[in-house]
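Below: one structure, written as structure tokens.
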Amino acid sequence: MNLLNRFVQTEYSSYEDFEKNFKINIPENFNYGFDIVDELGKNSPDQKALKWCNDKGEEKIFTFGDISKLSNKAANVFKEIGIKKGDTVMLIMKRRHYFWYFMPALHKIGAVAIPSTHMLTEQDIEYRIGAADIKYIICVGDEGVVTHVNKATVNTDVVKLCVGNAVEGYIHIDPLLEQASDSTPERVTVNDDPMLIYFTSGTTAHPKMVEHVQTYPLGHILTAGFWQNLKDTDTHFTLADTGWAKCAWGKIYGQWICGACVFVYDYDDKFPSADILKMLETKKITTFCAPPTVYRFLIKEDLDSYNLRNLRACYIAGEPLNAEVYKQWLEHTGIELREGFGQSESPVLIAVFPWLTPKPGSTGRLSPTLGIKLLDDNGNEAQVGEEGEICINIKDGIPAGIFHGYRNDPEATAEVMYDGWYHTHDMAWRDEDGYIWFIGRGDDVIKSSGYRIGPFEVESALLEHPAVIETAITAVPDPERGQVVKATIVLAKGYTPSPALTKELQNHVKRTTAPYKYPRIIEYVDELPKTISGKIKRKQIRISDEKK
């Protein structure tokens, strides 16, 4: 069953038709747990909703009927424990299957879910408890997670719950679920009630709390229904931990509105590229989404030895797509990579939608209904070829899927929401065909000798060279040019730093893109500084350079 046609027109003849006529019909008092999960459970109880397996050989399949009943059971357990509407609940669930029925359970009772990664330290958890006034923590009963949670909750009133292994001092949910009633809880939410908080990556300051309301899942109709173009016959695999907003993008909300089955591979070790290819082959995955970095690892495997005939479409998000990755994946699989761009604060904002032919390096075209414009420094729409900030029109209200502000932080909210626009601080330009080309964060753009240089275009050029596995482009102050381009590079196996290699990489950039963009400074490192979500900390590199 596919619920899309309850909310949107589903068929369009072209991108122009889509752009002109797409509209989301938002019902009164929408609640994802009741209006999506329970509707699917009632009308398509035997349809597969979740295929879960782990790296230990265990497998489970859940139908929509199962998810509906389990979410009711979980909701009743949570209510019995004392969780009520408005309570903030942190979930540290890794990729365990519980997440997919705990989330709609929390939505049903009006609690505010805070999905979080198991990579958080004691200090990270402690900060989040204070910032969000977290009342409950639900986590996996794994030693590493439990150790950090225990240290962070000393001298607090936080109630701790666990799944899987029983843990002393925690309420063990598993036996309670078995005994719980699957009766439907009372509907208590309205559209503007908060349902979800994501903490930002905190590349420049303490993480901010991105607050979404009950209509947020409907925004991901754009993400799953039209960028990923999912059908109720698809099995979709997005590679993301449950603690990231990419999980909301690719593993629950829009996918189930489309009636697609979500595939989850639960692994604990570092990214297993060969295992991922095996999953694509043996689990009959039809659509796959991952960051470009993942594809860079996958194409280093023997791709031609895997049978990927069930795979019909592939998507990338999380960072801009390098043209060389696009080219190699297409050569080996025959499948075009279709990029999508957005934030924790939004659904997909720009994408290579089904009617569009990809232009490698371009993010695609603008999502409709969000009123997106590229604005120059004077607040006017940037012309073709001109750099502008990606902004969303909120003059007539906040569109479905866009966050409603940073929780408990009116100053931070006012810094991005003003003059009737949500300012993303991401810079891009538009070509004559309406395709958007990402430049970078506004504070990452390099100004050298009168030129404005986006880090992505230089990073993209360097990544085409076989010696470069990862790179970050930053600005270094220069008395003559104002700033010059610096590349911090992690080399691939088999390459070692040398003046000759530096010259080769500089010349490679000059040949690949405009010569003035080449990195005048190159530093080789074993690894790049990153946030816990894997984003490169360019600011940390800049600060380190200033101290040298």
Side-chain angles (χ1 to χ4, degrees), residues 15 18-19 219-230 236-240 244-251 254-255 287-299 311-368 370 372 374 388 390 392 401 424 426-431 433-441 444 454-461 463-464 513 533-536:
Y15 170 80
F18 175 55
E19 181 183 41
H220 282 301
I221 288 174
L222 280 166
T223 307
F226 293 94
W227 167 43
Q228 295 171 347
N229 195 26
L230 295 182
H236 180 74
F237 183 11
T238 281
L239 199 66
W244 308 127
K246 191 63 178 65
C247 179
W249 272 53
K251 302 183 83 153
Q255 290 69 35
T287 53
F288 177 60
C289 184
T293 299
V294 167
Y295 285 97
R296 282 199 288 273
F297 281 105
L298 295 181
I299 59 182
L311 199 59
R312 68 168 181 83
C314 292
Y315 305 91
I316 74 106
E319 59 189 70
L321 172 63
N322 171 260
E324 185 63 21
V325 174
Y326 176 93
K327 175 185 173 184
Q328 290 196 39
W329 186 260
L330 180 61
E331 284 180 356
H332 285 283
T333 67
I335 297 174
E336 300 169 323
L337 291 175
R338 293 182 170 268
E339 186 169 356
F341 166 81
Q343 303 177 313
S344 301
E345 291 90 339
S346 75
V348 70
L349 301 178
I350 308 165
V352 182
F353 291 103
W355 311 274
L356 303 178
T357 300
K359 290 186 181 184
S362 168
T363 314
R365 297 188 68 176
L366 300 174
S367 293
L370 299 177
I372 305 171
L374 302 185
I390 302 167
I392 296 162
T424 67
D426 286 308
M427 309 301 291
W429 61 277
R430 173 172 52 91
D431 69 17
D433 298 320
Y435 281 68
I436 306 299
W437 299 77
F438 186 79
I439 295 172
R441 297 288 293 175
D444 287 334
F456 166 64
E457 50 200 348
V458 187
E459 290 171 359
S460 184
L463 287 167
E464 291 184 20
T513 187
S533 63
K535 293 182 179 179
I536 295 170

For residues 350-359, the salt bridge (Lys or Arg N to Asp or Glu O under 4.0 Å) pairs (sequence neighbours left out) are Lys359-Asp431, Lys359-Asp433
Only counting residues at least two apart or in another chain, list the ones meeting side-chain hydrogen bond (donor to acceptor under 3.5 Å, both in side chains) with Thr287. His236
Closest non-hydrogen contact found for Trp437 with Tyr435 is CD1-O, 3.5 Å
Once rounded to the nearest 0.5 Å, what's the spacing between atom CD1 of Ile316 and atom OG1 of Thr363? 8.0 Å
Test salt bridge (Lys or Arg N to Asp or Glu O under 4.0 Å) applied to Arg430 - qualifying residues, sequence neighbours left out: none
With sequence neighbours left out, the residues meeting ring pair (Phe, Tyr, Trp, His ring centres under 6.0 Å) with His220 are Tyr216, Trp249
Could you pull out the closest heavy-atom pair between Gln255 and Ala248, with the gap in Å? OE1-O, 4.5 Å
For the side chain of Tyr15 and the backbone of Trp355, is there at least one donor-acceptor N/O pair under 3.5 Å apart? no
Taken in chain and number order and not counting sequence neighbours, the residues that satisfy ring pair (Phe, Tyr, Trp, His ring centres under 6.0 Å) with Phe226 are Tyr12, Phe18, Phe22
Is the number of heavy atoms from other residues, nucleotides or ligands under 6.0 Å of Phe297 CZ greater than 12? no
What's the spacing between Leu330 CG and Ile299 CD1 if we round to 0.5 Å? 11.5 Å
At what distance, to the nearest 0.5 angstrom, does CG of Leu349 lie from CG of Leu370? 6.5 Å
Does Ala290 have any side chain to side chain contact (heavy atoms under 4.5 Å, CB included) partners at least two apart in sequence or in another chain, and if so, which? Leu239, Phe288, Val294, Tyr295
Among residues two or more places apart or on two chains, list those pairs meeting salt bridge (Lys or Arg N to Asp or Glu O under 4.0 Å) that have a residue in residues 338-354. Glu336-Arg338
Applying side-chain hydrogen bond (donor to acceptor under 3.5 Å, both in side chains), name anything that partners Gln343, two or more places apart in sequence or on another chain. Tyr422, Asp426
Under 3.5 Å donor-acceptor, Thr238 side chain and Lys251 backbone: no
Looking at every heavy atom in both Ile350 and Ser367, which two are closest together, and how far apart are they? N-OG, 4.0 Å
Exercise: identify the closest heavy-atom pair between Leu366 and Phe353: O-CE1, 3.9 Å
Of all heavy-atom pairs linking Ala317 and Pro292, the shortest is O-CD, 3.8 Å
Can you tell me how far CG of Leu374 sits from CH2 of Trp429, rounded to the nearest 0.5 angstrom? 11.0 Å
Could you work out, with side-chain hydrogen bond (donor to acceptor under 3.5 Å, both in side chains) as the rule, every residue matching Glu19, not counting sequence neighbours? none
Side chain to side chain contact (heavy atoms under 4.5 Å, CB included) with Leu463: which residues, sequence neighbours excluded? Arg296, Asn322, Val468, Thr471
Just so I know, are the side chains of Tyr315 and Asn229 near enough to count as touching, which here means a heavy-atom distance under 4.5 Å? yes
Rounded distance (nearest 0.5 Å) linking atom CD of Glu459 with atom CD of Glu464: 13.0 Å
Considering only heavy atoms from C-beta outward, does the side chain of Phe341 approach that of Ile436 to under 4.5 Å? no
Please name all residues satisfying ring pair (Phe, Tyr, Trp, His ring centres under 6.0 Å) with Tyr326, sequence neighbours left out, ordered by chain then number. none
For Val352 and Trp227, the nearest pair of non-hydrogen atoms, with its separation, is O-CD1, 3.8 Å
Restricting to pairs with a member in residues 347-357, which pass salt bridge (Lys or Arg N to Asp or Glu O under 4.0 Å), not counting sequence neighbours? none
What's the separation between atom OG1 in Thr424 and atom CD1 in Ile390, rounded to the nearest 0.5 Å? 5.0 Å
